[in-house]
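Quick note: numbers below take in every heavy atom, side chains included, and nothing from hydrogens, waters or symmetry partners. A note on names: the letters A, B, ... follow the listed sequences, proteins ahead of strands, and every chain is numbered from 1.
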Amino acid sequence: MSAELTDVERAIETVINQFHCYAVKGQKEYLTPNEMQELVVQKLPHLGKCVGPLDEKIECMGDPDEAKLEFGEYWDMMGDAAKGCRRK
Amino acid sequence: MAECTELEWAVQVLVNNFDKYSSHRCCCKKPRRISKKDFRKMLSCELNHMLTDTGNRRAADKLICDLDENKDGRISFEEYWTLIGGIASPIAQIIRQQEQSIKHTK
């Protein structure tokens, strides 16, 4: 895509790219609990707390060897971060 | 936000975009919402490059159709976020498939 993208489009692209960057094991299809944790810690230093306690989230995902966070779930998580933004 | 990351910037842009198109309507105590008309305007003004692809455009039309079913007529922040996710998700898939097919042809 070209440089003429709007800010909103660039933002969406960024959210997608970050997911792809961290979804190494799942070949860009899903994040493992570890990858998710890395992403939140490294990329959401200010908004991470809005996402809620990570330990609980990881536990909810079930068996750590098989747990997968797909794009839709990741998007929902960013939604929680976004709601945190709005409260500021 | 001081020294925010690229991802945090992105989230903030999407939040600001909602605020740009949403209004309180008559009562300022009610949460902000986007009307269907303004949502269409937003799609054509802010997502005109991403939705040029026919597949994506069809996905967007379907999103608006689904909104019609809801009858509420106005889009809350949660609905907005889900809708943008509905646009982002197929794009993410296309990018992934494209990269995989490049790998296969190599």
Task: Interface moiety of B/F18 toward chain A, non-hydrogen atoms closer than 4.5 Å - done: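 For B/F18, the side chain is the part near chain A, not the backbone.
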
Task: Segment of B/N48 engaging chain A (4.5 angstrom heavy-atom cut-off) - done: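 Contact with chain A: backbone and side chain both.
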
From [X] [atom1] over to [Y] [atom2], what is the distance, rounded to the nearest 0.5 angstrom?
X     : Y     : atom1 : atom2 : value
B/S89 : A/E70 : OG    : CD    : 9.0 Å
B/T5  : A/Q42 : OG1   : CD    : 10.5 Å
A/K43 : B/W9  : NZ    : CH2   : 14.0 Å
B/I91 : A/E13 : CD1   : CD    : 8.5 Å

Open item on the list: Quick check: do A/P45 and B/E3 have side-chain heavy atoms less than 4.5 Å from each other?
Closed with: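 A/P45 vs B/E3: side chains apart.
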
Indicate yes or no for a side-chain donor-acceptor contact from [X] to the backbone of [Y] under 3.5 Å, with no hydrogens or angles considered.
X     : Y     : answer
B/E46 : A/T6  : no
B/Q12 : A/C85 : no
A/E9  : B/H49 : yes
B/W81 : A/W75 : yes

- [ ] Is it possible for you to say whether B/I95 and A/Y30 belong to one hydrophobic cluster, with membership spreading through side-chain heavy-atom contacts below 4.5 Å?
- [x]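 Unlinked, B/I95 and A/Y30 end up in two clusters.
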
- [ ] Give, as side chain, backbone, both or neither, the part of A/F19 having an atom under 4.5 angstrom from any heavy atom of chain B.
- [x]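 Answer is neither: A/F19 stays 4.5 Å or more from chain B.
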
Task: Salt-bridge present (A/E29, B/R96; N to O < 4.0 Å) - done: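 The answer is yes: the pair qualifies as a salt bridge.
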
Shortest non-hydrogen contact between [X] and [Y], atoms and distance:
X     : Y     : value
B/F77 : A/A82 : CZ-CB, 3.7 Å
A/Y74 : B/L7  : OH-CD1, 3.8 Å
B/V11 : A/A81 : CG1-C, 4.2 Å
A/H46 : B/E8  : N-OE2, 2.6 Å
B/A88 : A/I12 : CB-CG2, 3.7 Å

- [ ] Given side chain to side chain contact (heavy atoms under 4.5 Å, CB included), test A/R86 with B/D19 step by step and report yes or no.
- [x] CA-CA 9 Å; A/R86 297 190 77 212; B/D19 291 338; 3.4 Å; yes

TODO: Could you check which of A/L39, A/D76, A/V8 has the highest count of heavy-atom pairs closer than 4.5 Å to chain B?
DONE: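 Most heavy-atom pairs under 4.5 Å with chain B: A/V8.
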
- [ ] Identify, with sequence neighbours excluded, every residue that meets side chain to side chain contact (heavy atoms under 4.5 Å, CB included) alongside B/L43.
- [x]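 Result, side chain to side chain contact (heavy atoms under 4.5 Å, CB included) vs B/L43: B/F39, B/L47, B/L51, B/A60, B/I64, B/I87.
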
Open item on the list: Working note: A/K28 + B/E99, criterion salt bridge (Lys or Arg N to Asp or Glu O under 4.0 Å); need CA distance, chi angles, decisive distance, verdict.
Closed with: CA-CA 10 Å; A/K28 305 195 174 186; B/E99 286 182 12; 2.4 Å; yes

Task: Pairing residues for B/Y21 by the ring-ring contact (aromatic ring centres under 6.0 Å, His included) criterion, not counting sequence neighbours - done: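 Expected list: none.
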
Task: Heavy atoms of other groups near B/E6 CD, more than 12 under 6.0 Å - done: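 No.
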
